[in-house]
Amino acid sequence: MLFSKGGRNSRSVAPSPDSAYDQNLGFQGLDVMKFAAVDVRQAASAADIVYEALRKAIIEGEIAEGDSLRQEEIAQMFNTSRIPVREALSRLEQHGLITTQRYKGAVVAGLSIEEIDEIFEFRALIEAEVMRLAVPNLDRATLDRARGYCDAFDRETDPHRWGEINRQFHTTLYEAARRPYYLQNVQSSLDRIDRYLRAQLTFTNGVPRAGREHEAILAACEKGDADLAARLTRDHILDAGRSLMTFLRKHRG
């Protein structure tokens, strides 16, 4: 039953005979619904848009470690208020991508060598297990997609694309594990070290080696050898970590 406006003095209004009203289902038909339906769950909020743009810029190194993120400037860039900007910055801080400093506000977070080393150790442990769980569930379509990313990584010459394609290759395989909590933590770890991974690939001639290791991992997946795929994934991550540690210790003094 509908009610007219008027607070406590509102009265019941009976539906007209031609209103296509059903006592159990309510109003039915296009004569009532004159607008296109939108699934609001799929619509990105202003905070989501700001968050994703800043996250991408940070992990790709477009915003450098130690740079300040000023709410007013960001709000102007996105033509929005400070409220969604604050929400986006809060989420970035929760994921370890920024920190809040006294007198400076939000700044892009850096990582010590020890912290980076620990993240690589964590990744090696969790991603090897995710791969082990994924292999029995891999189908031909998934393997073909992974092959596409593997080949794309080998062909790519733009360093800014290496991290993204590398992530797509691994994630395509990991998703078959059907472990969303594991994957969430894998993605969070990758977000924090992506810009360092790009440096490792660029300055240590790591792309050819990574490409060969991707090929070996994929071959093990295609054979259905979960233990081998897991071991190769673990070695792949630890080798990349050791290479990056050597590079950083040399250049950070």
Side-chain angles (χ1 to χ4, degrees), residues 55 58-62 64-66 95-97 99 108-135 146 149-174 177 179 182-221 223 225-253:
R55 170 187 163 276
I58 291 170
I59 67 177
E60 292 185 354
E62 294 176 6
E65 179 179 318
H95 286 85
L97 294 177
T99 60
V108 176
L111 292 172
S112 67
I113 290 178
E114 292 75 21
E115 287 171 324
I116 295 171
D117 196 24
E118 183 178 355
I119 291 174
F120 272 94
E121 289 179 357
F122 171 79
R123 287 187 57 214
L125 288 170
I126 197 70
E127 292 182 44
E129 181 60 21
V130 171
M131 182 64 82
R132 192 189 314 277
L133 295 168
V135 170
Y149 290 128
C150 187
D151 293 344
F153 183 85
D154 291 338
R155 294 192 305 267
E156 187 57 61
T157 58
D158 182 359
H160 288 87
R161 291 274 295 148
W162 288 337
E164 178 185 351
I165 299 172
N166 177 71
R167 184 185 297 222
Q168 289 170 329
F169 169 75
H170 287 284
T171 301
T172 297
L173 297 171
Y174 295 162
R179 295 295 194 279
Y182 283 17
L183 291 180
Q184 179 183 348
N185 283 277
V186 168
Q187 297 295 345
S188 179
S189 297
L190 287 170
D191 279 354
R192 297 196 69 188
I193 62 171
D194 234 23
R195 58 191 185 272
Y196 302 102
L197 273 174
R198 186 176 301 107
Q200 182 262 328
L201 292 171
T202 303
F203 297 111
T204 66
N205 195 30
V207 172
R209 180 176 181 176
R212 292 191 298 269
E213 292 172 353
H214 288 166
E215 288 282 355
I217 292 168
L218 185 55
C221 291
K223 293 177 182 177
D225 192 333
D227 289 339
L228 177 59
R231 178 170 61 81
L232 291 172
T233 298
R234 179 179 181 276
D235 291 346
H236 172 62
I237 294 168
L238 290 177
D239 286 347
R242 283 191 287 267
S243 178
L244 177 59
M245 292 303 101
T246 300
F247 171 79
L248 290 177
R249 288 189 177 105
K250 180 179 178 180
H251 287 82
R252 287 187 178 183

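Worth saying up front: this structure is predicted, and the values here are computed from it rather than measured.
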Show the atom names and distances, to 0.1 Å, of all donor-acceptor pairs under 3.5 Å that link a side chain in residues 120-131 to residues at least two apart or in another chain.
unit_1: Arg123; atom_1: NE; unit_2: Glu127; atom_2: OE2; d: 2.5
unit_1: Arg123; atom_1: NH2; unit_2: Glu127; atom_2: OE1; d: 3.4
unit_1: Arg123; atom_1: NH2; unit_2: Glu127; atom_2: OE2; d: 3.3
unit_1: Glu127; atom_1: OE1; unit_2: Tyr174; atom_2: OH; d: 2.6
unit_1: Glu129; atom_1: OE1; unit_2: Arg132; atom_2: NE; d: 3.3

Item to complete: Applying side chain to side chain donor-acceptor pair (under 3.5 Å), name anything that partners Asp239, two or more places apart in sequence or on another chain.
Response: Arg209, Arg242
Worksheet item: Taking only residues two or more places apart in sequence, or in another chain, which ones meet Thr171 in a side chain to side chain donor-acceptor pair (under 3.5 Å)?
Response: Gln187
Practice prompt. Determine, step by step, whether His236 and Arg231 satisfy the side-chain contact (heavy atoms from CB on, under 4.5 Å) criterion, reporting the C-alpha distance in whole Å, the side-chain angles of both residues, the deciding distance to 0.1 Å, and the verdict.
Written response: CA-CA 8 Å; His236 172 62; Arg231 178 170 61 81; over 6 Å; no
So, do [X] and [Y] sit near enough that their side-chain heavy atoms are less than 4.5 Å apart?
{"X": "Arg249", "Y": "Ile113", "answer": "yes"}
{"X": "Asp154", "Y": "His214", "answer": "no"}
{"X": "Asp194", "Y": "Glu60", "answer": "no"}
{"X": "Leu97", "Y": "Val108", "answer": "no"}
{"X": "Asp191", "Y": "Ile58", "answer": "no"}

Find the distance between [atom1] ([X]) and [atom2] ([Y]) and round it off to the nearest 0.5 Å.
{"X": "Ile217", "Y": "Asp225", "atom1": "CD1", "atom2": "CG", "answer": "12.5 Å"}
{"X": "Cys221", "Y": "Lys223", "atom1": "SG", "atom2": "NZ", "answer": "11.5 Å"}
{"X": "His170", "Y": "Cys150", "atom1": "NE2", "atom2": "SG", "answer": "9.0 Å"}
{"X": "Leu111", "Y": "Asp117", "atom1": "CG", "atom2": "CG", "answer": "11.5 Å"}

Atom [atom1] of residue position [X] - does it have more than 12 heavy atoms of other residues, nucleotides or ligands inside 6.0 Å?
{"X": "Arg195", "atom1": "CZ", "result": "yes"}
{"X": "Phe247", "atom1": "CZ", "result": "yes"}
{"X": "Glu118", "atom1": "CD", "result": "no"}

Worksheet entry | Backbone of Asp158 reached by a side-chain donor or acceptor of Glu156 within 3.5 Å | yes
Worksheet item: Is a side-chain N or O of Ser189 found less than 3.5 angstrom from the main chain of Asn185, in a donor-acceptor match?
Response: yes
Could you tell me which non-hydrogen atom of [X] sits nearest to which non-hydrogen atom of [Y], and how far apart they are?
{"X": "Gly110", "Y": "Glu115", "value": "O-OE1, 4.1 Å"}
{"X": "Ala216", "Y": "Leu232", "value": "O-CD1, 3.5 Å"}
{"X": "Ala134", "Y": "Leu173", "value": "CB-O, 3.2 Å"}
{"X": "Thr172", "Y": "Gln168", "value": "OG1-O, 2.6 Å"}

Discussion item. Set out, in order, the CA-CA distance, both residues' side-chain angles and the distance that settles side-chain contact (heavy atoms from CB on, under 4.5 Å) for Phe169 and Phe153, then state yes or no.
Written reply: CA-CA 9 Å; Phe169 169 75; Phe153 183 85; over 6 Å; no
Discussion item. Glu164 vs Arg161, test: salt bridge (Lys or Arg N to Asp or Glu O under 4.0 Å). Steps then yes/no.
Written reply: CA-CA 5 Å; Glu164 178 185 351; Arg161 291 274 295 148; 2.8 Å; yes
Worksheet, complete the sentence: Sorted by chain and number, sequence neighbours left out, salt bridge (Lys or Arg N to Asp or Glu O under 4.0 Å) with Arg198 holds for none
Discussion item. Taking side-chain contact (heavy atoms from CB on, under 4.5 Å) as the definition, give me every residue that meets it alongside Thr99, ordered by chain and number, with sequence neighbours left out.
Written reply: Gln101, Val107, Ala109
Worksheet item: Is any side-chain N of the basic residue among Arg212 and Glu215 closer than 4.0 Å to the acidic one's carboxylate O?
Response: no
Fill in: side-chain contact (heavy atoms from CB on, under 4.5 Å) between Leu248 and Ile116, worked out
CA-CA 10 Å; Leu248 290 177; Ile116 295 171; 3.5 Å; yes
Worksheet entry | Tyr196: partners by ring-ring contact (aromatic ring centres under 6.0 Å, His included), with sequence neighbours left out | none
